[in-house]
Structures are given as C-alpha cells and as structure tokens.
Amino acid sequence: MTHQINISFTKENKLKIILDDKLVDSNFKLCFSLVYSIKSITGARITKQIGRYYELSIEKNLILLDLQIPRIGNFNLSCGPEGIFIIDTLNNSKLNVNVSDLIFEKPIKKKTYEDLKIKNFIPIIPEPKKIHLQNKFIIIENKTFKLNVETEIISSLQNIISKVDINLTSQKGFPILFQKDSQLLNDQYFIQITKDNIEIKYNTYGGKLYSLISLVHLIDFYQTKLPICTIHDNPKYQWRGMHLDCARQFYTIDEIKRLFDYMVLFKLNRFHWHLTDNEAWRIEIKKYPDLALNGGYRGYNFKIPPLYGSGYDKYGGYYSQEDIKDLILYAKKLNIEIMPEIDLPAHSWALLEIMPELREQSSNIVSEDVGSYKNNTINPSLEKTVTFLKDMLSEVSAIFSYDVIHVGVDERPSNAWEGSPAIIEFMKKNNIKSPEEYQDYYMNFLIDFLKSKNKRTAAWNEAAVSPHINHGVGGSAGKIDKSCLIFSWEHSDVAKETTNKGFETILCPGQKTYFDMAYNNSTEERGICWAATIEVKDIFEWNPIKDINKSELIKGLQGQLWSETITDKKFFDQMINPRLATLSEIAWKGKISRTWTEFRSALLNSMNFLKKLGWRYHNF
C-alpha cells in the first residue's frame, strides 16, 4: 500500500503537511530534513532532532510547522521537507509513500529579465586586459589548426575542444606558433593573429594554457574565420577560486572534474575542497579508517542520520587517497591547484560521532551551533585530540601537493569550550584569559605544525578577527601568526579589518560569492538567502576592493557552493552558472570594465558554448 503526503506553504508562511488518515498513529514516525529550523509545531511531536533532520510522532493528519523566516520574508522550492519517509516503529519498517510536489498558496512568479544584447562584443570571458580586433578576417577551413607544441596541453583540453569540433592536431591546418618568453609574468600571454599564422607568447604553463582557452573562445564564436587581432593579457589576482562543499552532499570525482573543465574555460585556478563538516567526513585517513568508512555515509540506520535530503537509504561516499591523487593530476593539467579543507574545531559533529574521545565527556556545557548541531566542537587540550590532529594533518599534507591547507575555524559556538576541566586547567597554566585567546593558541599550534610539513595554513575569517555576524559564535583575540591566509566570508567589511591587521586575504563574502543563495525572492527559485539574494548583475556590479585600504593584501577572489540545498544534482548547474563565469571576470580584471549590455552579450555567447558541454544555466 502506498500512502499520500501533500506538502505546501500557506499564505501565512506555515509549512503544511497533510497525511492519509491511516498514517495518524503514534507508532508512525515522519522523518525529513529542512534547511530552516522548526520553531513550533501542531499535529505532531518532535521526537528526535539532529541538526535540521527531524523525526516526528504523528498525532493528526494535518501538521503545521512554523519555520525560521528567511530574510526575504517568504520560502522557495529549497525550503520544504526533503528526503521524506515514514517508519513503523513497531517493526522498524519503512512505509511506501508518495510525496506531492511542493505547492505555494501565495506564489511569487519567476523573475523576467530584459533581453539586452548587441552584435559586436568581445566573445572572451574573462575579457582580456588589452584586445584589438580588426575588421579583417582570415578563413580557417574546418576549424583546423597545426600547433608547434607537444600534444599534452591539447589533451588537457580535450573534453572542451572535442565538444565544439575544433581540431588542434592537424598536420595541414592553420599554423599556431608558440614561443616561450621569459619576460612575461605568471599566467600572462600574448596572441597575434595575422593572415599567415597565429603567434602566441607565454612564459609559464598557465600562460600557454590560457592563450589556448582565449583562442578556443574566439574560434567557437567566429567559427570558420578569425579576426586579425592582438591580445595582451594577464590576471590581476593569482587566486581565482571556486569552493565546493562535498560534505553536505557527495560529488563523484567525475563530477568534480566536470567542474574543473568549467573553471579552466574561465581561467579559474584554485579549487577549495570542503571535505569535512557536521554531516560527513569524506577523506580517507589511513591511520583512522573508520572516519571515512562510517563518517562518509548516512541513512536511517547509520551513525550519521539522513541529513539534507538524503533519505532513508544509504547515501554518500568518500575520497580514497588514490582518488585524490588522480584528481590532483587532472587539476594540474588545467592549471588548477587543490586546497583541501578539514573543518575544525567546530563543524565536527560527524567526526565526534566516530571519535567521541576527541571531546571531553565530563564537560557540563551543552553547546549548539547555528545549524542546530549540539556539542560539535573538538577539545584541543586532550592528548588524544593532539595526537589525532598531528596524525591526520600529516597524512593530508602528504596527499596534497599544493602548499596551502585550510583548517576551517568558522562558527565555533561561543560556549563550546566552557565547562571543560582540561581546557580550564590548560588556560590557568598558560595564563590564557578567554576562549578567544584559547582559539588563538589552538590556531598557532596548527600553523606551527603545518609549517613543519612545509604547508601554509588558511582559515575562515573568525580565525583572525571577531565575528561580524551576531549568531552566537566565537572568534579570535587577534594573536595568531600573520602567515595565515584568511578567507573573508561573513561580510564585505571583514576584508578591510583582516587586511588592516596585516593578513593576506581571499575575498569570498556571502553577499556576492555564495552561490547557494537564491537569485531572487520568487517561490520558484532554489537556494537560501541569509546573506542576500544574488542576481548575475549584482556580481557584475561588484567592486571588490572598494574601501579596502591595504588592497595589496587582497590575493584573490573565490566563489562558493555550499550544498545544503543541492538535494538533487540537477540543481547544481543553475546555482553556479552563470554566476561563477561572471565572478571570473572580476577575479581576472579586478573589476568589470565593459557595460552590462556588452558583458551580457558575451555571457549569452558563453552560455551557448557551455550548452555544448552539457551545462544548464539560470536566466539573467
């Protein structure tokens, strides 16, 4: 027998769940996850809550829930219950249910966009620093070229060029002549197209690769002709990044490689790999195999419950050290370096489910983070924790070739370390007067240890400054080693403070670069909105270093995709695309200099290119 569940948001913004009468039984549990916490409930009783995963004892066939209200004042398609299932507690069996599509009693229509475009525009994103296109063309038969370089650099782009029917390996095609020039900077290149050939100058691998990328953009746009032109190009920022949260949802190595193909097309060169969080531990650590084997999967009968829509059945995975080595090799061919993130000391609920000994059990304080996880913070004063940190970071340092490792340090509940006898005793012995000073001690321990492994430490901005968002979390007392690379996420003002304090900083404010944010307030959109709603044009208009006094300490920009709302991979493309392509132009140039109509025309062209590679995109 299949039971029906209907879900909707009422005009009063209440979540309404209507069940079959046969499901009204205290022996039945309704289970699901949400992206916003439940504030009150009628028609059922919460019997279990971990984070935003709930189990309800059913009392009536009509259940009404008051949730946290988003800053825009209404909900959207990401805000309903996900991964719904019902358990018969008498025999611990799962019932068959059919769940309706989410309905809004007060719908807000999709936004429409003005179709501004022109015919003459620069068809390369990011726009080159200097480009001069003449109104004279050469004919290229069958988009066929002959290169004077090794085929390895061509093979690295094969996934892209094969989809747009460009032949770069012909013995009879139009000549492309590469010449190394040691005077050029990292990632800098020069292209000159004449009636006789295409001459490319470069110094580093990145310059050679990006010259080909720009050429591919031109060829795809002009097809069997090319304009006589010159291009002088180099990036403003050396860190042009994209972050992917692989803890909330698991992405296969092939799915990540697909993202890398997108990144190289827009000359992005850093991948921030978020591997651990409250919801999962995704990286194989050989000294602690249970971490990935048990912390990499979740489900109803697992240590980690079915958070963020994963449902009753086993879900997830982890990355073996062999997987990681394979991905690193793939990334390097695309001039992408991979920075792993192990998110500590908070955001560690899954870790502590597998290794509870890393938290002092005698602590009399129950702390709760902004995601409603209780006691999710490791205790660095315990000998077992210190041993674990050294063992784990030694393996991570050995696996990853890139010299930066991100250690998290965001959203530590401000009272997480209160009540710990070990921490209280340690603070007395070492004249540490506050949790903020204790966090700085912990950070400096990690920084020093990673230096011994020839690695630089990176962290979110709470590692260096006080929080800029008032949500009950702790920060720094301002006493950490200035070598730490700070990722400024909370607010645009944070980077001004971190750079004033002398920290090299990566700009990644939620208001402009968090691609888990909804585009707008339509009920038909997906995404959350704690920071903002972010349209493509909002990113286009961003001047990232406005009001920053020490802009020389801004080392780059980065987009982020947190995955709480990616409960189906079909949502992935439109949350990223075309916002990441737009951000790439700012990361390359510092600020977009062309008009919105010029840029939008180029972006539409790039979307047509990406459709050939199988990418979907959001309207703009």
Side-chain angles (χ1 to χ4, degrees), residues 50-51 53 245-248 250 273-299 301-307 314-321 324 340-369 371-399 405-413 415-423 426 438-439 441-443 445-446 449-450 453 459:
I50 296 174
Y53 166 72
D245 167 15
C246 293
R248 275 55 177 263
F250 178 72
W273 198 1
H274 191 81
L275 288 162
T276 74
D277 214 297
N278 288 316
E279 295 79 10
W281 183 281
R282 300 277 187 217
I283 178 173
E284 178 191 25
I285 303 297
K286 291 187 186 268
K287 198 156 190 177
Y288 302 94
D290 283 351
L291 273 180
L293 291 171
N294 291 323
Y297 297 93
R298 60 189 189 233
N301 291 310
F302 288 76
K303 272 188 175 290
I304 314 299
L307 303 157
K314 180 180 181 179
Y315 166 83
Y318 66 90
Y319 305 103
S320 71
Q321 296 190 11
I324 294 168
E341 181 188 353
I342 309 298
D343 200 354
L344 301 167
H347 283 272
S348 298
W349 190 86
L351 166 62
L352 288 166
E353 283 297 291
I354 311 304
M355 298 183 67
E357 64 271 22
L358 303 185
R359 179 180 174 273
E360 197 167 17
Q361 302 304 308
S362 60
S363 174
N364 60 2
I365 296 292
V366 176
S367 66
E368 184 171 330
D369 80 347
S372 300
Y373 291 95
K374 291 181 172 64
N375 298 332
N376 74 335
T377 307
I378 63 171
N379 187 327
S381 285
L382 302 178
E383 188 177 335
K384 288 182 179 178
T385 304
V386 173
T387 300
F388 166 75
L389 289 170
K390 288 180 176 179
D391 290 342
M392 180 270 296
L393 289 172
S394 294
E395 285 198 38
V396 172
S397 297
I399 300 165
I405 292 176
H406 198 297
V407 297
V409 201
D410 60 315
E411 296 185 327
R412 171 182 58 82
N415 66 338
W417 288 327
E418 293 179 12
S420 160
I423 290 177
F426 185 91
Y438 183 75
Q439 178 179 289
Y441 148 76
Y442 163 79
M443 271 301 298
F445 163 75
L446 294 184
F449 182 77
L450 287 171
K453 303 297 179 181

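Only a predicted model underlies this, so the values are computations on that prediction, with no experimental measurement involved.
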Heavy-atom side-chain proximity of [X] to [Y] below 4.5 angstrom:
| X | Y | result |
| --- | --- | --- |
| Ile283 | Gln321 | no |
| Leu275 | Glu341 | no |
| Glu360 | Pro421 | yes |
| Ile50 | Trp349 | yes |
| Ile342 | Val407 | no |
| Phe449 | Ser394 | yes |
| Val386 | Pro380 | no |
| Trp273 | Cys246 | yes |

Q. For residues Glu284 and Ser320, is any side-chain donor paired with an opposing acceptor at under 3.5 Å?
A. no
Q: Using only heavy-atom distances, determine whether the side chains of Asp369 and His347 contain a donor-acceptor pair under 3.5 Å.
A: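 There is no such pair (donor and acceptor under 3.5 Å, judged by atom type) between the side chains of Asp369 and His347.
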What's the spacing between [X] [atom1] and [Y] [atom2] if we round to 0.5 Å?
| X | Y | atom1 | atom2 | answer |
| --- | --- | --- | --- | --- |
| Leu351 | Arg359 | CG | CZ | 12.5 Å |
| Asp277 | Leu344 | CG | CG | 10.0 Å |
| Tyr53 | Ile304 | OH | CD1 | 12.5 Å |
| Asn375 | Glu353 | CG | CD | 10.5 Å |
| Leu382 | Leu358 | CG | CG | 8.0 Å |
| Ser367 | Asn415 | OG | CG | 5.0 Å |

Q) Which is it for Lys384 and Glu357 under the salt bridge (charged side-chain N to carboxylate O under 4.0 Å, His left out) test, yes or no, and what are the steps along the way? A) CA-CA 7 Å; Lys384 288 182 179 178; Glu357 64 271 22; 5.9 Å; no
Do [Y] and [X] have ring centroids that are under 6.0 Å from one another?
| X | Y | value |
| --- | --- | --- |
| Trp417 | Tyr438 | yes |
| Phe250 | Tyr319 | yes |
| Tyr441 | Phe426 | yes |

How far apart are the closest heavy atoms of [X] and [Y], and which atoms are they?
| X | Y | answer |
| --- | --- | --- |
| Ile365 | Glu418 | CG1-O, 2.9 Å |
| Pro345 | Val409 | CD-CA, 4.0 Å |
| Trp281 | Ala350 | N-CB, 4.5 Å |
| Gly317 | Arg282 | O-NH1, 2.9 Å |
| Ala247 | Ala280 | O-CB, 3.5 Å |

Q) Between Asn376 and Ser348, is a side-chain hydrogen bond (donor to acceptor under 3.5 Å, both in side chains) present by the stated rule, with each step listed? A) CA-CA 5 Å; Asn376 74 335; Ser348 298; over 6 Å; no
Taking [X] for the side chain and [Y] for the main chain, is one N or O donor matched with an acceptor at less than 3.5 Å?
| X | Y | value |
| --- | --- | --- |
| Thr377 | Ala416 | no |
| Thr276 | Asp343 | yes |
| Arg298 | Leu307 | yes |

Q: Report, as yes or no, whether the 6.0 Å neighbourhood of atom CD on Gln361 holds more than 12 heavy atoms from other residues, nucleotides or ligands.
A: yes
**Q.** Derivation and outcome, side chain to side chain contact (heavy atoms under 4.5 Å, CB included), residues Lys287 and Phe388
**A.** CA-CA 9 Å; Lys287 198 156 190 177; Phe388 166 75; over 6 Å; no
(Q) I'd like to know whether Tyr288 forms a side-chain hydrogen bond (donor to acceptor under 3.5 Å, both in side chains) with Glu395, so could you lay out the CA-CA distance, the side-chain angles of the two residues, the decisive distance to 0.1 Å, and finally the verdict. (A) CA-CA 10 Å; Tyr288 302 94; Glu395 285 198 38; over 6 Å; no
**Q.** side chain to side chain contact (heavy atoms under 4.5 Å, CB included) between Ile378 and Leu389, intermediate numbers included
**A.** CA-CA 10 Å; Ile378 63 171; Leu389 289 170; 4.1 Å; yes
